[in-house]
Each structure stands twice: as structure tokens, then as C-alpha cells.
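When reading the values below, keep in mind they use all heavy atoms of this one structure, side chains included, and skip hydrogens, waters and symmetry mates. Throughout, protein chains are lettered first and strands after them, A, B, ... in sequence-line order, and every chain is numbered starting at 1.
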There are 2 protein chains.
Amino acid sequence: MALRHAVLAALLEGELSGYQLTKAFDLGVANFWYAQPQQLYAELTRLEKGRLIAGREVIQEARPNKRLFHLTDAGLAELEEFTAAAAKPSFIRDDLLVKVQAADYVDTEALMAQLSERAAFARAKIDLFGKMLRSMRGDRTEGEFLRHGHRIGPYLTCLRGLAFEEGNRDWCEHTIAVLRERQKAHVQH
Amino acid sequence: MALRHAVLAALLEGELSGYQLTKAFDLGVANFWYAQPQQLYAELTRLEKGRLIAGREVIQEARPNKRLFHLTDAGLAELEEFTAAAAKPSFIRDDLLVKVQAADYVDTEALMAQLSERAAFARAKIDLFGKMLRSMRGDRTEGEFLRHGHRIGPYLTCLRGLAFEEGNRDWCEHTIAVLRERQKAHVQH
DNA sequence: TAAGACTAGTCACTTTCATGACTATCATGG
DNA sequence: CCATGATAGTCATGAAAGTGACTAGTCTTA
């Protein structure tokens, strides 16, 4: 029951089609969850059956018809219940960390390539988050916006995403530097 | 195929029993993955069947007998192959972020309680990581250790875990402060 | 003007993860 | 001397997440 609530939270923004949701959850734009189209469509079906969301069909001319979903009262209640329930601690769970854990025993070259790829990915997301934050707060300062803005949830999660990716970038760069220096030292012997 | 490689990477440390592994992966001590005992035992069984690890029984007097596992050559090869393969990007996936995303619509009191619980948890882990790092590097400085230490993988992943938890702590505290100030402002109207 | 990307979604299937309940024995504290 | 808690695991089952393959029309651009 996890993606479930992420979808409900996303629908707080207003009406969204399944396809729009996939855009948000897909390429990592959603900074608080991630899921693939198939999972989202399946979840939407389940949620609609449970009457936590309701959809209405929109007939379109130039492109396929779509269904726009919105939260029902029951859906909002469910989300509130979920928020009140105790959260389990979260952990990093990342292939790349497993690989670095094994760094002393495996091919360093391949590992460094992956670390720099990840660093590049992180930089791209940092960029994206910066733009999203700016667009959410408009011409107000961050402090101003957080004090008086009317919808700060997405802004706050975006801030976490930003910090997380900055952490990724810094760690990847640092790790690369360490591995490179050891490589150099090793060659000299 | 993810826990699988995390277990292999953990066994690089040397021989470990299933029970010792659970201690490492359990309460979040392992900074690069997390799993419950049942999953680990199941994974160990699978890995042994696939001959990626091998176990030997140790008969004990005062406590139950145990099986110590170690990597086989095939296991090391598998780990190397895994490390060379492209890593998929990782995402934060956290209940708490979903809840904050909904912050504008749900009970703030309960949410703040969870945020401060999480902050406390993060502080505890920061402490733990600090101790682990110190014990790994001994009396050397970090730079010294990273240049010349003979096993730096766990140290590097530990650094990522530390930074992650510092990020959690800071974000939780900041978010609490923001929510509290809004609450205050709201009451005054 | 054909290839490729975008909108909009579905079906079937597998792999992973998580949970609860259970069995033993021994050591320690109150 | 009895209740915890640590050591060392096992079994069964359910929930969640991930993957591949597909349909079908439209818009863009090289």
C-alpha cells in the first residue's frame, strides 16, 4: 500500500489522466516516488474500484480520448489516515552502493564509469529541481513562499529531492577521486 | 537480482553466518541495503544451490550450531559481472515524502510528530556511522586511510549513508520549522 | 514521405519483498 | 526459578514492484 498513497497524493494537484501521471512518476520527475506506466494504470484501476478516486472521460478530436481522475472524499480520508499512521524508516537501496562496497575486489574502471554516469544524472536532476522550485515559488523568495504560499507540500518534497541529488553528485565525485588516486598510486609501485 | 548481490558483497568481508548477516542487514546497520532475516536465509539457500557461496558447518557447544558462508570463485565472478553491468538510477522512495507532499491537506500535528521521529532516527544513525567510520580508519586520518587503506569499499558506502542521514535530519528539521511557523501564522488570523 | 516520437493505454507474467508464526537451546537478571 | 533476550534458524503466504510485448492514431522533422 505504498504506490497507492503516492498516487493519491499526486492527485491532490487536481485532475490528472493516467498518462499525465506516468509523466510525473516516470523519468524521475516525481521526486517522492517512482513507478512505471503499467503500475500506475493498474493502481488507478484498483483505486477507482475502491472508490478512492473517480474518473471522467474526456473525448478528444486530435488524439486518443483520455480519462481524468480526481480524489473522492473517501480518497482524501484514506490519505489522511495514511499520513497519521506511523511511518517505517526508509533506507537507501541502491545497486551502485553495493558495487562500491565491492570496490576493492572488482574492476575499478567500469565502476568509475558508472559513478560518473550517476553524477551526470544527478546534475541533470539538480538542474530540473532548481527549475521546478523557481517555477513553484514564482517571484517570491523561498522564505516568503514557504510562509505564505498556499501549496507547499510539493515544494518541500522537491527540496528533499534536490538535497538527495546533491548528495549523490558529491559522493560520486569524491568516490571517483579516491579511486583514481589509488589507481595512480598502484601503478607507481 | 539485487539482494543477491548485496549478500555477495557483504561476504567479501570474510566468512559470515546467516545470523551474523541478519545483524548487519537488519536494524539498518548495513548502510547499503536492508533486508529481513527470512529474506537473507532464503537468499543464502539460493546462492548455495547456485554454488556462488559455500558453507561449512561449525559445531558449537554452548549455542546452536551455525553455518559459515564464504564466496566461491563463481560468486566473485558473478559480483564482478554485476559491477560491470549498467546500474539503473535509484530513486528515493519514502512514505514520509508522500505524506509531506500531502501536507497542505492533512493533519499537521501528526505529520510533525513523524518528522521529528525520523529526525531522531537519523541522528542515531549519524552517531552510529561516525563510530563505524572511526573504527574502520583506526588512528589514521580519513585522507590517509582512503589513500592507503586496504579495504575502502565499506568506508565509502558508509560515507554515503552518513551524508544521506544528515540530509534526512536537516530536511526534517527544516520541514518541521516551516510547518510550525505556518501553524502559528494561521492561529493568529 | 517515411521514420520516429508523442499521446493514451492494456494484458500477462515474473521477480522481489515483506509478514507472521514457529522451533530450539543457552545465558542473564531480578 | 522464572521471564527475558540472544543465538541460530525455518516455513508458508501475501503484497508490491518490475518487465516485455502490444494496440492505434497523430504530430514532427529530417
Side-chain angles (χ1 to χ4, degrees), chain A residues 1-8 15-30 32-50 55-69 82 86-95 98, chain B residues 1-8 15-30 33-50 55-69 82 85-95 98:
Chain A
M1 312 272 191
L3 174 56
R4 183 184 184 72
H5 298 103
V7 170
L8 291 176
E15 279 191 326
L16 290 174
S17 68
Y19 190 74
Q20 285 176 294
L21 265 180
T22 70
K23 288 299 139 192
F25 278 75
D26 199 35
L27 299 160
V29 175
F32 64 103
W33 207 265
Y34 162 81
Q36 283 170 311
Q38 298 96 317
Q39 293 172 257
L40 287 168
Y41 283 113
E43 197 60 56
L44 285 171
T45 306
R46 273 195 293 275
L47 285 169
E48 196 182 22
K49 257 184 205 144
R56 64 184 181 91
E57 182 127 25
V58 174
I59 281 101
Q60 298 187 118
E61 296 284 288
R63 48 202 73 219
N65 297 340
K66 63 182 173 184
R67 308 197 58 212
L68 291 180
F69 293 97
F82 165 72
K88 27 194 164 178
S90 81
F91 301 94
I92 296 189
R93 195 176 259 184
D94 187 344
D95 278 4
V98 175
Chain B
M1 313 274 192
L3 174 56
R4 181 185 186 69
H5 297 103
V7 170
L8 291 177
E15 279 191 325
L16 289 174
S17 69
Y19 191 73
Q20 285 176 294
L21 266 180
T22 69
K23 289 300 140 190
F25 278 74
D26 199 34
L27 300 159
V29 176
W33 207 266
Y34 162 82
Q36 282 169 312
Q38 297 96 316
Q39 291 172 256
L40 288 168
Y41 283 113
E43 198 59 55
L44 284 171
T45 306
R46 273 194 293 274
L47 285 169
E48 196 182 22
K49 257 184 206 143
R56 63 183 181 92
E57 182 128 28
V58 174
I59 282 100
Q60 297 186 119
E61 294 284 289
R63 47 202 73 220
N65 296 339
K66 64 183 172 183
R67 308 198 58 212
L68 290 180
F69 293 96
F82 165 72
K88 26 194 164 177
S90 82
F91 302 93
I92 296 189
R93 191 175 264 183
D94 188 343
D95 279 3
V98 175

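Rounded to whole Å, the distance from OH on A:Tyr19 to P on D:dC27 is 14 Å. The distance from atom NZ of B:Lys66 to atom C1' of C:dT23 is 20 Å, rounded to the nearest whole Å. Here the P atom of nucleotide C:dT15 and the CZ atom of B:Arg46 are 11 Å apart, to the nearest Å. When rounded to the nearest whole Å, the span between CD of A:Gln39 and P of C:dT10 equals 15 Å. Regarding B:Leu40, its CG atom lies at a distance of 16 Å from the C1' atom of D:dC11, rounded to whole Å. Look at CG on A:Asn65: it is 12 Å from C1' on D:dA24, rounded to the nearest Å. Atom pair B:Leu44:CG and D:dA8:C1' shows a separation of 12 Å (rounding to whole Å applied). If you measure from atom NZ of B:Lys23 to atom C1' of D:dG5, you get 10 Å, rounded to the nearest angstrom.
Comparing C:dA24, C:dA18, D:dG9 against the side chain of B:Pro64 picks out C:dA24 as the nearest. Checked against D:dA17, C:dA18, D:dA8, the side chain of B:Arg63 finds its nearest nucleotide in D:dA8. Listed nucleotides: C:dG9, C:dC17, C:dT7. Nearest to the side chain of A:Tyr41: C:dG9. Checking C:dG9, D:dA8, D:dG18 against the side-chain heavy atoms of B:Arg93 singles out D:dG18 as nearest.
Here the closest heavy-atom approach between residue B:Tyr34 and residue B:Phe25 is recorded as CD1-O, 3.4 Å. Here the shortest heavy-atom pairing between A:Phe69 and A:Gly55 reads CD2-CA, 3.6 Å.
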> Please walk me through it: do A:Tyr41 and A:Leu21 pass side chain to side chain contact (heavy atoms under 4.5 Å, CB included)?
Replying inline: CA-CA 9 Å; A:Tyr41 283 113; A:Leu21 265 180; over 6 Å; no
- Message: With side chain to side chain contact (heavy atoms under 4.5 Å, CB included) as the criterion, how do B:Trp33 and A:Asp95 come out once you've worked through the C-alpha distance, each side chain's angles and the decisive distance to 0.1 Å?
- Response: CA-CA 9 Å; B:Trp33 207 266; A:Asp95 278 4; 4.3 Å; yes
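Within the structure, a side-chain polar atom (N or O) of A:Gln60 is placed less than 4.0 Å from OP1 or OP2 of C:dA8. In this structure, B:Ser17 reaches the D:dG9 phosphate: one of its side-chain N or O atoms is under 4.0 Å from OP1 or OP2.
Side chain of B:Arg67 to backbone of B:Gly18: no donor-acceptor contact under 3.5 angstrom is found.
Of the residues near DNA chain D, B:Gln20 and B:Gln38, the one whose nearest nucleotide (by heavy atom distance) lies more toward the 5' end is B:Gln20.
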